[in-house]
Amino acid sequence: MPPAISVKGLSKQYRIGAREEAARTFREALVDLAAAPVRRLRRLGRPPEQEETIWALQDVSFDVQPGEVVGVIGRNGAGKSTLLKILTRITEPTEGRVELRGRVASLLEVGTGFHPELTGRENIYLNGVILGMKKAEIDRKFDEIVAFAEIEKFLDTPVKHYSSGMYVRLAFAVAAHLEPEILLVDEVLAVGDAAFQKKCLGKMGAVAKEGRTVLFVSHNMQAIRQLCKRGCWLGDGRVMADGPSDEVVNRYLKAEPKANGSGEIPRLIAQLPADPAFRLERIALLQAGQLVEQHVLNGHPLDVVIHYQVLQKTTGLRVFFDLYDGEETLLFRSFHDADEGKVPTMEPGRYVSKAVIPANFLAPTAYEIRILATVYNVRMCIPYPGICIPLHVDAVGGVNRAYMAAGEPIRGKLAPMLSWTTFAAEKTNVG
């Protein structure tokens with residue numbers, strides 16, 4: 001049986017600071033041809049321009065069989081999104097070729113393929129037609145799509161009025177339910193809440209069991225292990241490993257360098273895209289009033305301090321962080337405004353938000369803190385996966401020290417010292 005996806009010698013080069021040329025009309029091509037001699041004369045005597053280029057992909061080759069679910073992993077800038085854009089014909093490769101056998105549905109970013117002026121109902125039918133489906137097929141799946149997206153009240157509202165969460169719920173529902181032979185999914189699921197992410201992962205698992213082909217790009221290593229039997233690790237535009245997902249994920253986690261707190265974090269903050277309402281300035285980790293970087297002690301509280309500016313009066317601005325373990329499992333998320341019953345409004349100015357992780361809460365192992373900010377139900381101010389701060393917790397607490405001395409690290413990712421009491425059973429009627 002021929003592969004559903006065949007990628008041979010795929011390479012993509014970009015000129016830094018240059019836009020890709022759009023398709024031209026015959027008239028535009030003639031005008032450009034007539035003006036070419038004048039441009040060449042103007043360049044005479046000038047020093048040749050040095051064009052800076054980068055290779056987003058370099059000689060990438062792999063096949064995906066029908067019904068196979070492949071997880072694509074790698075750090076930001078590794079070439080994952082470029083690969084999917086070539087597979088969906090958004091951009092053309094510089095070298096190599098791609099063969100796709102079957103109808104392709106893709107979810108590469110929030111609202112992919114939606115027309116903002118059309119309603120949710122109209123966009124469902126528009127996407128179905130783009131996928132080559134007949135109206136009867138779309139009718140058959142319509143109620144299931146709407147129920148999955150949970151947008152019944154807003155079905156006849158133009159999608160330009162949807163929040164980012166509503167956008168992605170509808171976009172995923174359309175992509176997954178309209179029965180494509182090949183489903184391409186990028187990290188857009190990260191903008192959904194935990195319940196929606198779980199529902200999406202369940203749906204992708206069901207799609208895979210139906211024998212359809214899935215290419216899933218994610219930074220969530222637990223989801224890759226759960227959904228994908230096969231993993232493909234991209235690094236610097238090349239295939240670094242391709243094989244069973246557990247093996248590929250383990251190699252990736254061991255090999256990928258982590259940012260260091262002293263120089264890398266300020267550089268990453270400076271590279272964040274501009275946001276009209278929010279500007280991250282500085283992040284600090286403190287124990288006992290002293291700055292710490294990667295190594296902290298579990299026997300003392302850890303302060304996570306975030307300095308930022310609010311540039312305009314904003315309702316719903318939330319600063320928060322995610323704590324991940326070494327296998328990319330999200331352990332918990334904590335917001336600067338813990339009161340879910342209120343939507344805060346913040347005036348322009350400089351702010352400092354501090355969260356305290358209590359002493360004797362984290363086990364002695366490796367973690368990662370990811371700093372994020374969002375305008376609630378509108379947009380992410382810091383794009384996923386956020387500013388990532390590596391963290392290694394060393395044991396100093398009494399119970400942990402006893403375990404470590406015995407040569408047995410304490411099990412689990414969290415190690416809270418809970419309040420216990422022990423008494424003779426005949427002296428009480430508790431329980």
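Computed from a predicted model, the values in this text were never measured in an experiment. By convention here, the first residue in the shown sequence is residue 1.
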**Request:** Look only at the side chain of T314 and the backbone of L317, and say whether a donor-acceptor pair between them is shorter than 3.5 Å.
**Result:** no
**Request:** Could you tell me whether the side chain of E99 and the main chain of S6 form a donor-acceptor pair under 3.5 Å?
**Result:** no
**Message:** Determine whether a donor-acceptor pair (N or O, by modelled atom type, separation under 3.5 Å) exists between the side chain of D275 and the backbone of A277.
**Reply:** yes
**Request:** In sequence, state the C-alpha distance, the side-chain angles, and the governing distance for E181 and R101, and then conclude on salt bridge (charged side-chain N to carboxylate O under 4.0 Å, His left out).
**Result:** CA-CA 8 Å; E181 281 83 17; R101 296 176 175 88; over 6 Å; no
**Message:** With a 6.0 Å cut-off (strictly less than), is the heavy-atom count around CG of D236, excluding the residue itself, greater than 12?
**Reply:** no
**Message:** More than 12 heavy atoms of other residues, nucleotides or ligands under 6.0 Å from CZ of F154: yes or no?
**Reply:** no
**Asked** Does the Q287 side chain pair with the main chain of H300, one donor and one acceptor, at a distance under 3.5 Å?
**Response** yes
**Message:** Would the distance check show the side chain of R225 and the main-chain N or O of S245 forming a donor-acceptor pair, the cut-off being under 3.5 Å?
**Reply:** no
**Asked** Going by heavy atoms in the side chains, are I73 and S218 under 4.5 Å from each other?
**Response** no
**Asked** When you check the side-chain N and O atoms of T345 and T315, is any donor under 3.5 Å from an acceptor?
**Response** yes
**Asked** Y125 versus D139: any side-chain heavy-atom pair under 4.5 Å?
**Response** yes
**Member of V393, V356, V296 meeting the side chain to side chain contact (heavy atoms under 4.5 Å, CB included) criterion with L302** = V296
**Item:** Verdict with reasoning, I283 to I269, per side-chain contact (heavy atoms from CB on, under 4.5 Å)
**Value:** CA-CA 9 Å; I283 305 164; I269 290 174; 4.1 Å; yes
**Message:** Ring centres under 6.0 Å, that's the criterion: do H336 and F320 meet it?
**Reply:** no
**Prompt:** Yes or no on salt bridge (charged side-chain N to carboxylate O under 4.0 Å, His left out) for D59 and R238, after CA distance, side-chain angles and deciding distance?
**Reply:** CA-CA 7 Å; D59 195 26; R238 299 179 183 275; 5.6 Å; no
**Item:** Test log, rule salt bridge (charged side-chain N to carboxylate O under 4.0 Å, His left out), inputs E281 and R350
**Value:** CA-CA 9 Å; E281 292 186 329; R350 279 187 161 85; 2.9 Å; yes
**Prompt:** Between K8 and D63, is a salt bridge (charged side-chain N to carboxylate O under 4.0 Å, His left out) present by the stated rule, with each step listed?
**Reply:** CA-CA 8 Å; K8 303 295 183 187; D63 290 336; 3.4 Å; yes
**Message:** What I'd like to find out is whether the side chain of R333 reaches to under 4.5 Å of the side chain of F321, using heavy atoms alone.
**Reply:** no
**Asked** Are F114 and Y162 close enough that their ring centers fall under 6.0 Å?
**Response** no
**Request:** Report yes or no: does E137 contribute a side-chain atom to a donor-acceptor pair with the main-chain N or O of K134 at less than 3.5 Å?
**Result:** yes
**Item:** Step-by-step side-chain contact (heavy atoms from CB on, under 4.5 Å) determination, T119 to T157
**Value:** CA-CA 5 Å; T119 66; T157 300; 6.0 Å; no
**Item:** Check: L118 and L126 side chains under 4.5 Å, non-hydrogen atoms
**Value:** yes
**Item:** Atom CZ of R379: over 12 foreign heavy atoms under 6.0 Å
**Value:** yes
**Prompt:** CD of Q290: more than 12 outside heavy atoms within 6.0 angstrom?
**Reply:** no
**Contact check, side chains of E150 and R169, non-hydrogen atoms, under 4.5 Å** = yes
**Request:** Just do the side-chain contact (heavy atoms from CB on, under 4.5 Å) check on F216 and I224 with the steps written out, would you?
**Result:** CA-CA 8 Å; F216 177 43; I224 294 289; 4.0 Å; yes
**Request:** Check step by step if side-chain contact (heavy atoms from CB on, under 4.5 Å) holds for Y14 and T94.
**Result:** CA-CA 9 Å; Y14 288 106; T94 305; over 6 Å; no
**Request:** Kindly check if the number of other-residue, nucleotide or ligand heavy atoms within 6.0 Å of CZ (R89) is above 12?
**Result:** no
**Item:** Test item: N123 side-chain N/O and H115 main-chain N/O as donor-acceptor pair under 3.5 Å
**Value:** yes
**Item:** Set of side-chain contact (heavy atoms from CB on, under 4.5 Å) partners for V98, sequence neighbours left out
**Value:** V7, L10, I86, L87, L100
**Message:** Do V64 and L215 make a side-chain contact, defined as non-hydrogen atoms from C-beta onward lying under 4.5 Å apart?
**Reply:** yes
**Asked** Does the side chain of V305 reach to within under 4.5 Å of the side chain of V352, using non-hydrogen atoms?
**Response** yes
**Asked** Under 4.5 Å between any side-chain heavy atoms of R212 and P180, yes or no?
**Response** yes
**Asked** What class does the angle between the rings of Y351 and Y308 fall in, given that below 30° is parallel, 30 to 60° is tilted and above 60° is perpendicular?
**Response** parallel
**Item:** Side-chain donor or acceptor of T329 paired with backbone N/O of D325 under 3.5 Å
**Value:** no
